[in-house]
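Step one of this worksheet: look at the structure below.
These numbers come from a predicted model, not from an experiment.
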Amino acid sequence: VLVLTAGIASAQDPGKLVTKADVEKVTGAKFADGTKPMPEQVMFQQTGGDLQISVDIEKPDAGKTVRTWEATMKKMRPGFNVDTVPGVGKDAIFYSMRADSGAVSADFDKPRIQLRVAVAGAKDAAQAKQIVVDLAKVIAPRVK
């Protein structure tokens with residue numbers, strides 16, 4: 001699962017935005033307690049399985065949005081596909097680099113942060129998308 005790019009996290013703690021119970025409900029699988037490899041991220045590893053979920057929060061540079069990131073990726077990889085995800089923050093997108101993974105990145109204005117929910121180890125692209133979109137919709141109303 002990708003690591004955060006440059007930027008300092010807001011006061012929002014990703015460990016308080018998502019719980020192990022949230023992850024288990026969305027995936028239908030059992031997970032170990034979340035770990036915090038860095039202050040801006042919480043990760044959950046499936047117990048006896050391959051799923052790995054991460055939730056990251058970053059304070060983006062001025063003018064940077066999920067759409068500026070999308071434009072950069074499309075220049076680097078012309079076939080890069082992004083789907084808009086309604087109901088998550090100001091603007092949100094789903095994208096995937098591999099069939100077993102995917103992520104939702106979302107912009108929020110209050111506070112000005114970017115939320116990223118990612119999965120690796122999914123059985124296929126459809127499961128990856130379902131997990132991150134459903135989990136992002138659980139987390140989004142908690143961003144303050």
Problem set entry | Ion pair D107/R67, N-O distance below 4.0 Å | no

Problem set entry | M97 to R77 - nearest heavy-atom pair and separation | SD-NH1, 2.8 Å

Problem set entry | Rounded distance [0.5 Å steps], CD in Q114 versus OG in S105 | 5.5 Å

For this session: Locate the shortest heavy-atom distance separating I57 from P14; write the atom from each residue and the value.
Result: CG1-CB, 4.0 Å

Exercise. Among D22, T19, V18, V88, whose side-chain contact (heavy atoms from CB on, under 4.5 Å) with V138 holds?
Worked result: D22

Exercise. For the atom pair CZ (F44) and OG1 (T35), what is the distance rounded to the nearest 0.5 Å?
Worked result: 8.0 Å

Exercise. Minimum heavy-atom separation for I53 to F31, with atom names?
Worked result: CG1-CE2, 3.9 Å

Exercise. Just wondering, do S101 and Q52 contact through their side chains at under 4.5 Å, heavy atoms?
Worked result: no

Seminar exercise, completed: Taking every heavy atom of R116 against every heavy atom of A103, the minimum-distance pair comes out as NH2-CB, 3.9 Å

Seminar exercise, completed: Value for NZ (K59) from CD (E40), rounded to nearest 0.5 Å, stands at 13.0 Å

Exercise. Any side-chain heavy atom of D50 within less than 4.5 Å of one from D100?
Worked result: no

Exercise. Which value, rounded to the nearest 0.5 Å, describes the distance between K144 atom NZ and L17 atom CG?
Worked result: 10.0 Å

Seminar exercise, completed: Rounded to the nearest 0.5 angstrom, the CG-CD distance for D83 and E70 is 9.5 Å

Seminar exercise, completed: Given the options V55, V26, V104, I139 meets side-chain contact (heavy atoms from CB on, under 4.5 Å) only with V55

Exercise. Can you tell me if NZ on K20 sees more than 12 non-hydrogen neighbours from other groups inside 6.0 Å?
Worked result: yes

Exercise. So, does Q41 use its side chain to make a donor-acceptor pair with the main chain of P37 at under 3.5 Å?
Worked result: no

For this session: Could you tell me which non-hydrogen atom of P39 sits nearest to which non-hydrogen atom of K36, and how far apart they are?
Result: O-NZ, 3.5 Å

For this session: Mark yes or no for whether T27, through its side chain, and V23, through its backbone, hold a donor-acceptor pair below 3.5 Å.
Result: yes

Problem set entry | Atom pair OH/NZ of Y95 and K129 - distance to nearest 0.5 Å | 13.5 Å

Problem set entry | Heavy-atom check, side chain of V82 versus side chain of M73, under 4.5 Å | no

Exercise. Within a reach of under 6.0 Å around NZ of K123, are more than 12 heavy atoms found that belong to other residues, nucleotides or ligands?
Worked result: no

Problem set entry | Minimum heavy-atom distance R112-G63, with the two atoms named | NH2-N, 3.8 Å

